[in-house]
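First comes the structure, then the notes that go with it.
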Amino acid sequence: MASARSVAGQMFLLQALIVLLLVVAASVTLLYQARSDRFQAARDRSLAAAEAFAHGPGLVQTMQGPDPSAVLQPLTQAASKEGGVDFLVVMNRDGIRYTHPDPTEIGKKFVGTIGPSLAGRVTIESVNGPLGQELQVVVPVMDARGNVVGMVSSGLKVSSVSSAVDQQLPLVLGAGAAALALATGSTALVTRRLRRQTHGLGPSEMTQMYEHHDAVLHAVREGVVIVGGDGRVLLVNDEARRLLGLSPDAEGRDVAGLGLDPRMAELLASRRVVTDEVIPVGERLVAVNQRPTDRRGGPPGAVATLRDSTELRALAGKAEVARGRLRLLYDASVAIGTTLDVQRTAEELAEVASPRFADYVSVDLAEPVLRGEEPRMAVGSEAPELRRVALSGIPDDHPLYRAGEIHRFASPTPQAKGFISGHAVLVPDLAASTGWRTQDTERTQAILDYGFHSLITVPLKARGVLMGIVNFWRTGDSETFEEDDLSLAEELTARASVCIDNARRFTREHAMAVTLQHSLLPRGVPEQNALEVAYRYLPAQAGVGGDWFDVIPLPGARVALVVGDVVGHGLHAAATMGRLRTAVQNFSALDLPPDELLGHLDELVGRIDQEAAPADDEALIAGATCLVAIYDPSSGVCAMARAGHPLPALVHPEGTVEFPELPAGPPLGLGGLPFEAAELRLPEGSSLVLYTDGLVEDRKRDIDAGLDILRRTLAFPGRSPQETCEAVLGALLPSTQSDDIALLVSRTRVLEADRTAEWELPADPAVVARARADVTRQLSRWGLEEAVFTAELILSELITNAIRHASGPIRVRLLRDRMLICEVSDTSSTSPHLRYAAAEDEGGRGLFLVAQLAERWGTRYIPDGKVIWAELPLA
């Protein structure tokens with residue numbers, strides 16, 4: 001409850017006194033009209049209730065509040081009950097009810113006459129209202145100025161009016177109590193509002209708060225100026241007086257009459273919004289923030305805060321420089337090292353640092369670094385020979401060493417000192433420095449004449465390896481390098497050094513991998529007459545792969561063509577390729593058909609996978625694809641088998657191109673499935689094109705599109721294999737080669753009929769002499785009389801062994817190619833073995849004799865037996 005000393009308490013006492021006076025007046029009125037009839041009693045009772053409520057303290061404020069009905073409805077209900085009336089209705093000037101005994105009638109139009117009451121008079125009438133025949137009174141509610149702000153209506157059913165004074169008096173008292181309750185409620189509302197506005201502080205606390213506020217306002221190091229709507233200064237703290245040079249009597253004076261700087265006076269009087277606007281005041285730079293005070297219903301005017309930013313401006317300049325350097329370092333971390341190329345990385349360093357840090361930037365590297373090697377250690381004070389690999393700066397008519405030039409810095413120069421010591425060297429004034437002139441007197445003078453005046457040289461060093469130096473030059477009107485610039489130059493160079501060293505190591509490893517890869521690939525095509533062969537091998541631009549090809553001469557003038565591709569890239573793929581190529585050559589020496597050869601390769605790849613398995617036994621798949629083709633020029637038949645490899649292209653002599661359907665075996669290493677071979681008869685002059693998938697497929701082109709381009713490119717008859725290779729690569733080589741490409745083009749030849757002689761002999765020892773005679777005649781016909789003796793002796797031994805150890809007919813064939821080839825075939829699958837015969841053995845020396853006389857000999861199996869062959873050199 002409010003104290004009697006407070007404003008709210010005094011208001012409550014006044015309201016209570018008013019209510020008391022009204023109750024007394026009503027009681028006296030009732031005494032004089034006790035004898036009146038019931039209508040008069042009803043009139044008086046209603047009028048008293050309405051008048052009492054209309055003049056109740058706080059009613060006007062409540063009606064003008066946000067929700068009058070919520071406050072007045074319970075009060076009118078209580079007042080009407082206690083006042084002995086049937087209803088007590090509070091309405092606005094339009095007759096809209098705020099209260100009513102029936103809550104559903106609240107907000108509706110009042111039923112009755114309100115015109116006189118709007119004029120300030122009391123209206124008394126008898127009406128048929130919602131409660132029946134009623135005598136109602138309408139009393140105006142006036143504010144302190146006498147204006148009608150609403151009305152209070154009170155009514156009573158005539159039938160319920162009693163003429164006894166003792167029945168009317170309690171109603172009057174009840175109305176007084178209701179009015180008192182209304183006054184109490186109004187006082188409580190006022191008290192709560194005041195406490196909310198003052199945050200619960202009392203008068204003494206409010207006084208103390210304002211004292212503290214005034215002390216803080218004058219103690220802060222930020223000026224505060226409050227200007228009223230009329231342009232007069234309302235408040236100025238001590239800091240504002242100091243910054244603006246105001247007199248003690250500045251408060252209350254017009255801003256224009258304070259003698260301020262015109263810009264400052266105009267700003268304070270304009271009341272416009274500004275943020276950190278810097279205005280010079282004498283030798284100071286004052287930052288001003290200003291906001292109007294009438295934004296949220298406050299008094300017109302503006303408040304401005306002032307801050308001395310003279311020192312802050314200098315700090316801001318240094319901060320801006322620091323931000324620029326951080327930005328440069330960030331850009332360098334993004335722009336340097338985008339590739340693993342040593343020269344490109346050096347160029348990126350020069351491009352980033354020029355012109356943002358230096359006017360010209362040059363990068364010099366030792367020659368071994370460009371090859372991926374570590375430069376040799378410097379001896380004494382002598383710097384190694386360096387090559388300028390990057391130079392950036394505008395314009396380009398400078399006298400510095402050009403990119404690509406090789407030079408050696410003299411020991412007194414800062415470049416040599418920086419390289420030998422491994423520390424950066426700052427030369428703030430080139431004209432005053434004599435050491436760097438020893439390099440080249442004419443060139444250094446030209447550099448000075450051009451305008452170069454400051455230099456920082458920083459060695460390129462990473463992981464203890466000195467690789468070169470970076471020179472930062474400034475010319476013309478650029479500021480001289482300082483000690484602060486030295487740390488930035490070192491940071492830039494340190495970041496670039498790591499990237500250059502990574503590129504150097506990659507270059508070394510890539511060179512090693514390429515060297516290994518090339519050492520494992522064929523150096524050329526072996527001499528043979530069955531095929532005219534051309535090939536191309538293009539390694540990937542980054543890394544090495546496992547593509548390979550081979551041309552392997554076989555017995556009987558046949559030739560094996562092999563193309564393969566190991567999955568993956570790197571040294572492991574190259575090493576696996578070498579193992580597979582060696583295995584193919586070894587298996588070819590056994591004269592195996594293509595499908596059996598792929599079966600052995602599949603087992604080998606499986607063993608390679610098992611050897612590479614880690615400790616947790618999780619298999620690492622090496623995997624490879626391969627295609628093997630064996631061409632026989634004596635018959636024109638080509639047997640082919642593939643393991644997951646793309647189909648070969650067959651170009652007929654007339655230019656027709658097809659991709660023959662070969663059985664699709666699984667890639668090598670999967671195991672469990674057999675391989676199948678297919679035989680094709682190739683006309684003489686046909687071209688067989690073998691390739692790896694890197695030729696027809698890349699990231700921007702699928703394999704079907706590549707095969708279609710390949711088909712159109714090959715459809716030109718008469719091209720040589722070399723011309724075909726050039727045309728295919730010209731049409732299909734991608735701009736960025738991400739995979740190895742192996743291409744093998746071979747054009748077929750057929751062995752002429754007059755170079756072959758063949759006989760079929762029965763298994764009878766008597767035919768040996770006849771066979772020798774036939775061989776002698778054939779060799780004489782070929783002009784090979786000098787080979788007659790050796791050929792007769794070899795064929796005699798081979799035919800005798802076939803008659804002795806085999807059954808069925810025996811076939812003898814002579815082939816005249818680059819060698820004289822003697823072949824004896826029979827139906828046995830038993831292969832003879834070379835051995836030393838003991839002194840008492842009757843046989844076993846014939847095969848040893850064959851091995852001594854022939855250049856090569858061996859056995860190969862055919863579907864109906866075997867063939868033992870021997871090759872004799874031609875004179």
Side chains of [X] and [Y], heavy atoms from C-beta outward: is any pair under 4.5 Å?
X    : Y    : answer
R271 : P300 : yes
V141 : V60  : yes
V288 : L267 : yes
S247 : R253 : yes

**Request:** Evaluate the side-chain contact (heavy atoms from CB on, under 4.5 Å) criterion for residues I456 and V427: first the C-alpha distance (whole Å), next the side-chain angles of each, then the deciding distance (0.1 Å), finally the verdict.
**Result:** CA-CA 6 Å; I456 291 180; V427 184; over 6 Å; no

Verify, without hydrogens or angle tests, whether [X] (side chain) and [Y] (backbone) share a donor-acceptor contact under 3.5 angstrom.
X    : Y    : answer
Q136 : V111 : yes
D331 : L328 : no
E348 : G337 : yes
N289 : D276 : yes
S354 : D359 : yes

Interatomic distance, [X] atom [atom1] to [Y] atom [atom2] [nearest 0.5 angstrom]:
X    : Y    : atom1 : atom2 : answer
L430 : L455 : CG    : CG    : 5.5 Å
L349 : I336 : CG    : CD1   : 4.5 Å
E251 : I226 : CD    : CD1   : 9.0 Å
I500 : R495 : CD1   : CZ    : 14.5 Å
T457 : K417 : OG1   : NZ    : 11.5 Å
S153 : R97  : OG    : CZ    : 9.0 Å

**Crowding at CZ, R327 (>12 non-hydrogen neighbours, <6.0 Å)** =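 For R327, atom CZ is not crowded (no more than 12 foreign heavy atoms under 6.0 Å).
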
**Message:** Can you tell me if D230 has over 12 outside heavy atoms packed within less than 6.0 Å of its CG?
**Reply:** yes

**Asked** What's the shortest heavy-atom distance between A353 and V361, and which atoms?
**Response**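 Shortest heavy-atom contact: CB-CG2, 3.7 Å.
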
**Asked** Do the ring planes of Y450 and Y360 sit parallel (below 30°), tilted (30 to 60°) or perpendicular (above 60°)?
**Response**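 Y450 vs Y360 ring planes: perpendicular.
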
**Prompt:** Can you tell me if T123 and T113 form a side-chain donor-acceptor pair at under 3.5 Å?
**Reply:** no

State plainly whether the residues [X] and [Y] are in salt-bridge range, i.e. N to O under 4.0 Å.
X    : Y    : result
D484 : R325 : no
E351 : R356 : no
E239 : R242 : yes

**Request:** I would like to know whether T275 and R291 meet side-chain hydrogen bond (donor to acceptor under 3.5 Å, both in side chains); could you show each step before the answer?
**Result:** CA-CA 9 Å; T275 300; R291 297 292 185 272; 3.0 Å; yes

**Request:** Determine, for F357 and R474, whether the Lys NZ or Arg CZ falls below 6.0 Å from the six-membered ring centre while staying within 45 degrees of the axis.
**Result:** yes

**Prompt:** Can you list the steps and then say if F53 with S154 is a side-chain contact (heavy atoms from CB on, under 4.5 Å)?
**Reply:** CA-CA 9 Å; F53 204 91; S154 177; over 6 Å; no

**Asked** Considering the options V152, L88, L72, which one meets the side-chain contact (heavy atoms from CB on, under 4.5 Å) requirement together with T99?
**Response** L72

